[in-house]
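Below is one structure; the comments refer to it alone.
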There are 2 protein chains.
Amino acid sequence: MPKAKTPRRTGYHHGNLREVLIDAAVQLVEEGGPGNVSVREAAKRAGVSPGAPFRHFANKTALMTAVAEQAMSRFRSEITNAVESVATDDPIERFAAVGIAYLRWAIRNPTHFQVISTRSLIDWDSSESLRHDNEAVRALVEGSMVEAQRRNMLRSYDIAETQIAARALVYGLARMCIDGHFAQWAVAGHTAEQTAQDVLKHFVALIGNEPETAKKADLTLEHPD
Amino acid sequence: MPKAKTPRRTGYHHGNLREVLIDAAVQLVEEGGPGNVSVREAAKRAGVSPGAPFRHFANKTALMTAVAEQAMSRFRSEITNAVESVATDDPIERFAAVGIAYLRWAIRNPTHFQVISTRSLIDWDSSESLRHDNEAVRALVEGSMVEAQRRNMLRSYDIAETQIAARALVYGLARMCIDGHFAQWAVAGHTAEQTAQDVLKHFVALIGNEPETAKKADLTLEHPD
DNA sequence: AAATTATGTAATCACTGTTTACAATCCTGG
DNA sequence: CCAGGATTGTAAACAGTGATTACATAATTT
């Protein structure tokens with residue numbers, strides 16, 4: 001009998017190392033951002049040798065991509081749930097709901113949002129799931145946009161550009177929070193999340209057809225940066 | 001005579017290693033983005049031992065911060081030059097000029113824009129110069145915004161929110177390009193730069209008071225992502 | 001039961017940021 | 001002008017990283 005050297009782990013072949021590694025990586029992301037993830041540390045936390053992860057992931061990027069897929073799925077759920085639970089069928093309100101849910105998730109899960117939005121960390125093109133979830137969100141925005149135009153609720157006729165502007169605005173707000181451009185800002189009375197939402201609503205009012213735009217005069221926000 | 005071990009370099013103490021290291025790091029950034037920078041490689045290119053850089057920079061972040069300062073200075077110059085060489089004194093046109101110059105520089109210097117906008121790479125707070133240049137750009141935007149409001153050229157009364165929206169939009173556009181969210185997009189007829197400019201102009205039209213907004217119906221842009 | 005395949009380990013490689021002890025050069029005050 | 005301290009370089013080391021390799025063990029198929 002060869003007397004197993006380290007029989008500490010039962011069912012020696014671990015069974016579901018892949019999932020455990022992803023969970024460990026998720027935890028590392030939450031603890032200190034994407035930069036805090038190391039394959040070795042994930043392996044250590046899974047109670048496995050440093051080379052073991054490479055039986056399940058071609059490289060670190062593949063592991064990060066799996067983390068991103070998990071995060072993206074939650075991200076998409078939050079958004080689709082939010083828009084489904086919106087009372088009205090007003091397309092502009094539905095559009096706003098998407099943006100607000102987007103910002104809410106991004107600001108509350110900054111490290112994970114960083115993972116799913118920074119392409120250098122992951123292998124976006126190789127992941128069906130990432131593209132699929134992303135497309136679902138995009139389609140949600142486009143759908144409400146098209147419907148809003150059909151009802152003549154938009155100021156501009158060019159929904160393509162309006163849509164890109166909307167995406168860029170929301171993405172920009174999320175990243176400005178995450179990249180730390182709002183240092184002074186969050187210190188002020190308003191939370192970053194609240195302010196981001198206000199700005200989004202401001203934008204929504206701008207694209208709308210209503211002659212009376214948001215005239216809530218001054219929130220006297222500290223200037224960002 | 002102790003016969004210098006490696007007298008290959010004249011004026012042995014190199015004279016201006018600090019600048020040479022920054023230049024090497026800049027080159028590395030250009031070659032492969034911020035992730036391509038290593039202190040050791042910069043040292044090698046400067047013809048110096050791996051420990052030498054730490055006589056001039058406390059750590060890698062300090063080196064990257066120096067790189068960022070140089071980039072930020074160019075970034076600011078491009079923007080201030082652009083707005084100064086704008087013919088009209090129309091504040092909204094001046095505002096648009098800032099945004100266009102911003103996008104132009106970011107898209108043409110993506111790796112450097114990544115350096116100056118990703119706070120995890122640099123020590124933003126410790127750099128007077130970074131804050132100063134950033135504030136100059138911000139003030140430029142705010143100035144034109146305030147003036148536009150004074151002339152009653154804006155739709156909304158809340159310039160604070162409009163200003164944040166503008167910043168977020170431009171930042172979002174720049175980062176979407178850089179983070180690779182426009183893959184299919186750039187392949188289409190329009191360059192990323194042209195499209196980003198169009199979207200910016202679209203936004204500028206939206207915030208303006210003119211009843212007739214941009215009605216250039218369809219550019220039939222491929223959808224991003 | 002034997003052969004094959006999947007999945008782990010151990011050792012190793014090249015590379016990274018950073019620190020330490022030491023050496024060479026420069027600068028300045030007597 | 002030169003003694004001595006401050007600068008600024010080197011060499012060697014350390015711990016950590018992603019990744020590969022040869023090998024061992026467990027699960028699975030034949």
Side-chain angles (χ1 to χ4, degrees), chain A residues 1-22 24-25 28-29 31-68 115 118 120-123, chain B residues 1-25 27-29 31-67 115 120-123:
Chain A
M1 176 185 171
K3 192 177 81 168
K5 265 170 115 182
T6 50
R8 44 182 178 269
R9 205 165 54 252
T10 72
Y12 200 89
H13 259 170
H14 197 294
N16 60 337
L17 178 55
R18 190 172 199 280
E19 276 66 29
V20 172
L21 284 170
I22 296 175
L28 286 166
V29 165
E31 286 173 19
N36 191 45
V37 177
S38 87
V39 177
R40 298 180 95 99
E41 179 62 22
K44 187 186 292 181
R45 294 195 179 189
V48 100
S49 75
F54 294 96
R55 295 288 175 194
H56 298 270
F57 302 96
N59 46 38
K60 183 183 183 177
T61 302
L63 172 58
M64 295 303 285
T65 303
V67 172
V115 172
T118 307
S120 60
L121 293 174
I122 61 182
D123 187 356
Chain B
M1 176 183 173
K3 190 177 84 168
K5 266 171 113 181
T6 51
R8 45 182 177 267
R9 207 165 53 251
T10 73
Y12 199 91
H13 259 169
H14 197 294
N16 60 337
L17 178 55
R18 189 171 201 279
E19 277 66 30
V20 172
L21 284 171
I22 296 175
D23 289 350
Q27 202 179 320
L28 287 166
V29 166
E31 287 173 18
N36 192 45
V37 177
S38 87
V39 177
R40 297 181 97 101
E41 179 62 23
K44 187 186 292 181
R45 294 193 179 190
V48 101
S49 75
F54 294 94
R55 295 288 175 196
H56 299 271
F57 302 96
N59 46 38
K60 182 183 183 178
T61 303
L63 172 58
M64 294 303 284
T65 304
V67 172
V115 172
S120 60
L121 293 175
I122 61 182
D123 187 356

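Numbers restart at 1 for each chain; the letters A, B, ... are given by sequence-line order, proteins then strands.
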Hits for salt bridge (Lys or Arg N to Asp or Glu O under 4.0 Å) against B/Arg18, two or more places apart or cross-chain, chain-then-number order -> none
A/Glu19 meets the salt bridge (Lys or Arg N to Asp or Glu O under 4.0 Å) criterion, sequence neighbours left out, with none
Euclidean distance, atom [atom1] of residue [X] to atom [atom2] of [N] [Å, nearest integer]:
| X | N | atom1 | atom2 | result |
| --- | --- | --- | --- | --- |
| B/Leu28 | C/dC15 | CG | P | 15 Å |
| A/Met64 | D/dA19 | CE | P | 12 Å |
| A/Phe57 | C/dG8 | CZ | P | 11 Å |
| A/Leu21 | C/dT7 | CG | C1' | 12 Å |
| A/Asn36 | D/dG18 | CG | P | 11 Å |
| A/Asn16 | C/dT7 | CG | P | 12 Å |

Reading nucleotides 16-22 of chain C from 5' to 3' and marking B where a protein heavy atom lies under 4.0 Å of the base, S where only the sugar-phosphate is that close, and - otherwise, the string is BBBB-BB
(message) If you compare all heavy atoms of B/Leu17 against all heavy atoms of B/Ala46, which two are closest, and at what distance to 0.1 Å?
(response)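 Taking every non-hydrogen atom into account, CD1-CB, 3.8 Å.
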Applying side chain to side chain contact (heavy atoms under 4.5 Å, CB included) to A/Thr118 and not counting sequence neighbours gives A/Gln114, A/Ser120, A/Leu121, A/Arg175
Extract all donor-acceptor atom pairs below 3.5 Å that involve side chains of residues 54-63 of chain B and protein atoms in other chains or at least two apart in sequence.
| unit_1 | atom_1 | unit_2 | atom_2 | d |
| --- | --- | --- | --- | --- |
| B/Asn59 | OD1 | B/Thr61 | N | 3.3 |
| B/Asn59 | OD1 | B/Ala62 | N | 3.0 |
| B/Lys60 | NZ | B/Val37 | O | 2.9 |

Please enumerate all residues that pass side-chain hydrogen bond (donor to acceptor under 3.5 Å, both in side chains) together with A/Asn36, with sequence neighbours excluded.
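Partners of A/Asn36 under the side-chain hydrogen bond (donor to acceptor under 3.5 Å, both in side chains) test: none.
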I want to check one thing: is the phosphate of C/dA6, taken as OP1 and OP2, less than 4.0 Å away from some side-chain N or O of A/His56?
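No, no such contact exists.
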